[in-house]
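These notes are about the structure you will find just below.
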Amino acid sequence: MSLGDCAAPMALEVMIAVWGGVNTALRAQLLAWYDANARDLPWRVRPAAQAAGAKADPYRVWLSEVMLQQTTVPHATPYFLRFTARWPTVGDLAAEADGEVMAAWAGLGYYARARNLLACARAVAGEHGGIFPDTEDGLRALPGLGPYTAAAVAAIAFGRPANVVDGNVERVMARLFAVDQPLPDAKPELKRLAAGLVGNERPGDWAQALMDLGATVCRPKQPQCDRCPVAAHCAGLAGGEPETYPRRTAKAERPHRHGVAYILTRGSEVALVRRPPKGLLGGMLALPSSDWRAARWSETEAMAAAPAMADWRSVGEVEHGFTHFTLTLQLLRAEGEADGVTQGGVIWSPRRDLDGLPSVFLKAAKAGLNGLL
DNA sequence: AAGTCGTGGCC
DNA sequence: TGGCCAAGACT
């Protein structure tokens, strides 16, 4: 529903009072639903435990929120468990070597997050005495904390009544208010609508309740409206097609790129390189590779770009989808002579220890070594 | 402000 | 099976 649906003329004060009452009811209904249906997640302090005095650890809240940026709960969970077991405090993480943290992040994607994670941990440890700022603005100033993550940590770890808006909340708002404007243009409007629902009671639970609702009931596909605690307020449901929200503008098609990856072995070892600190897969270990361009690489071109003089043999290719392009990686393999390496900075790594590679290179290495791992 | 930046699961 | 998309941030 919207204010415009009130047909009879009302004094402004009355309209505000009625609207406020609707919001109060909606908030209470969703929080009650959360008390009974909150997911049990390793970084979460459940409502019952909070009542018993347990408090969220800002380090764990922050770490989980960064890992969950554009990442599903099942994918992030094992990483969260490994990180917190290995680095129990922000100080432990801050003291770790870059390469160790990047390798631990391998496979999780969006590697700028790992670089910013370390930068943030070191800022907190070095400039804040190991204590996270407890305000949204203070958190927002840290590396890797944008509008969403700063609001989420402020609300969940520090009980600040912040407007926590992620993809789940955008979807819930789009359905609740039947917003026909498509994403991403609708983002400011959806955020404004979400702000109108934020109250002062249990800010952290409110944020998590809204996201749990989006993840388990108000799902992208096949929303479970019959189980929704706020279905009575939902204009999208009333309109009959809640699953069609949020609208989205059509995306541009993904281009295709081609590259060559070189698998140079020396006994049981494989030659790896460290990618430059910024850009795609920045700071990560990788197989040596050519540029990635629109045209396939001829055999001659592939040889000319090789990192070593060697007897290169074609061992197939792999395809990998990135967010904004698809990559075909032609694979060349050779048994290397130590003095044949023409590119500097080669890191010889055991074949059986390639877990620190991003998925695209792990896939290429496995395919190119053809079961020799 | 529009592009860049990963990955795996899903239907 | 291929396009869609998930607790976004940075430039």
Side-chain angles (χ1 to χ4, degrees), chain A residues 38-39 41-44 60-80 102 105-117 119-120 139-157 162-172 183-185 187-188 190-191 194 204 206-216 218-222 243 246 248-257 275-284 286 292 318-327 357-364:
Chain A
R39 288 178 292 173
L41 301 172
W43 47 84
R44 176 175 284 178
R60 294 168 65 88
V61 173
W62 160 73
L63 180 62
S64 68
E65 291 300 340
V66 173
M67 287 184 167
L68 288 164
Q69 288 167 7
Q70 299 289 287
T71 306
T72 60
V73 166
H75 194 188
T77 297
Y79 286 84
F80 177 84
M102 300 307 287
W105 195 275
L108 200 50
Y110 284 133
Y111 299 99
R113 291 185 297 172
R115 303 193 296 268
N116 287 328
L117 189 81
C120 180
L139 291 160
R140 179 70 181 81
L142 294 167
L145 283 91
Y148 163 77
T149 306
V153 176
I156 298 169
N163 187 23
V164 182
V165 183
D166 70 335
N168 284 307
V169 178
E170 288 180 345
R171 181 173 58 258
V172 171
L183 286 172
D185 289 353
K187 281 178 176 289
L190 295 171
K191 188 166 189 172
W206 170 253
Q208 294 178 93
L210 217 40
M211 292 190 283
D212 271 26
L213 185 75
T216 64
C218 198
R219 313 187 294 207
K221 296 172 184 174
Q222 296 182 312
E243 72 280 2
R248 292 181 191 276
T249 56
K251 291 176 181 174
E253 58 183 89
R254 296 193 304 184
H256 202 123
R257 294 186 193 170
R275 290 177 64 89
K278 293 185 177 182
L280 187 69
L281 307 172
M284 299 296 292
W292 300 350
V318 293
E319 196 160 288
H320 189 81
F322 289 94
T323 305
H324 54 294
F325 67 94
T326 302
L327 175 69
L357 289 176
S359 294
V360 59
F361 289 116
L362 187 58
K363 183 192 296 186

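So you know, we letter chains A, B, ... as the sequences are listed, proteins then strands, and number each from 1. Treat the numbers as computed from the prediction; the structure is a model and nothing was measured.
In this structure, the CG atom of A:Leu280 is 15 Å from the C1' atom of C:dC10, given to the nearest Å. Atom CE of A:Met211 is separated from atom C1' of C:dG8 by 13 Å (rounded to the nearest Å). A:Tyr110 places its OH atom 15 Å from the P atom of C:dT11, with the value rounded to the nearest Å. In this structure, A:Glu253 places its CD atom 12 Å from C1' of C:dG3, rounding to the nearest Å. With rounding to whole Å, A:Gln70 atom CD is found 13 Å from C:dC10 atom P. Rounded to an integer number of Å, the gap from CG of A:Leu68 to C1' of C:dA9 is 15 Å. Atom CZ of A:Arg171 is separated from atom P of C:dG8 by 10 Å (rounded to the nearest Å). The CG-C1' distance, from A:Leu142 to C:dA9, rounds to 13 Å in whole Å.
Within the 4.0 angstrom heavy-atom criterion, only backbone atoms of the sugar-phosphate kind lie near A:Ser359; the bases stay farther away. A:Pro147 comes within contact range of the sugar-phosphate backbone alone, with a heavy-atom separation under 4.0 Å but no base atom that close. Contact annotation for A:Trp43: base contact, defined as any heavy-atom pair under 4.0 Å involving a base atom. Counting non-hydrogen atoms under 4.0 angstrom, A:Arg115 reaches nothing in the nucleic acid. Using a 4.0 Å heavy-atom cutoff across all strands shown, A:Val169 reaches no nucleic acid atom at all. Within 4.0 Å (heavy atoms only), A:Arg219 reaches no atom of the nucleic acid at all. Counting non-hydrogen atoms under 4.0 angstrom, A:Leu117 reaches nothing in the nucleic acid. A:Leu281 comes within 4.0 angstrom of sugar-phosphate atoms only, judged by non-hydrogen atoms across all strands, and of no base. A:Ser64 comes within 4.0 angstrom of nothing in the nucleic acid, heavy atoms only.
Between A:Gln222 and A:Arg113, the residue whose closest nucleotide on DNA chain B is further toward the 5' end is A:Arg113. When each of A:Asn116 and A:Arg39 is assigned the nucleotide of DNA chain C bearing its nearest heavy atom, the one mapping closer to the 5' terminus is A:Arg39. DNA chain B is contacted by both A:Gly321 and A:Asp185; A:Asp185 maps to the nucleotide lying nearer its 5′ end (nearest heavy atom per residue).
Panel note: side chain A:Ser64, backbone A:Val61; a donor-acceptor pair is recorded below 3.5 Å.
In terms of phosphate contacts, A:Lys251 brings a side-chain nitrogen or oxygen within less than 4.0 Å of OP1 or OP2 of C:dC5. Residue A:Gln69 has no polar side-chain atom (N or O) positioned under 4.0 Å from OP1 or OP2 of C:dG8.
The cationic group of A:Arg140 does not satisfy the cation-pi geometry with A:Trp62, failing either the under 6.0 Å distance to the six-membered ring centre or the 45° limit from the ring axis. For the pair A:Arg257 and A:Phe325, the cation-pi test (distance below 6.0 Å, angle within 45°) is passed.
Chain A approaches DNA chain B over the interval B:dT4 to B:dG8, counting the first and last nucleotide 5' to 3' with an atom under 4.0 Å from its heavy atoms.
Taking the six-membered ring for Trp, A:Phe322 and A:His320 have ring centres closer than 6.0 Å.
With sequence neighbours excluded, the residues that form a ring-ring contact (aromatic ring centres under 6.0 Å, His included) with A:His256 are A:His258. Take A:Pro277 and apply the side chain to side chain contact (heavy atoms under 4.5 Å, CB included) test, not counting sequence neighbours, and it matches no residue.
Looking at A:Tyr148 and A:Glu65, their side chains do bring a donor and an acceptor atom within 3.5 Å of each other.
Counting only heavy atoms from C-beta outward, the side chains of A:Met284 and A:Val360 never approach each other to under 4.5 Å.
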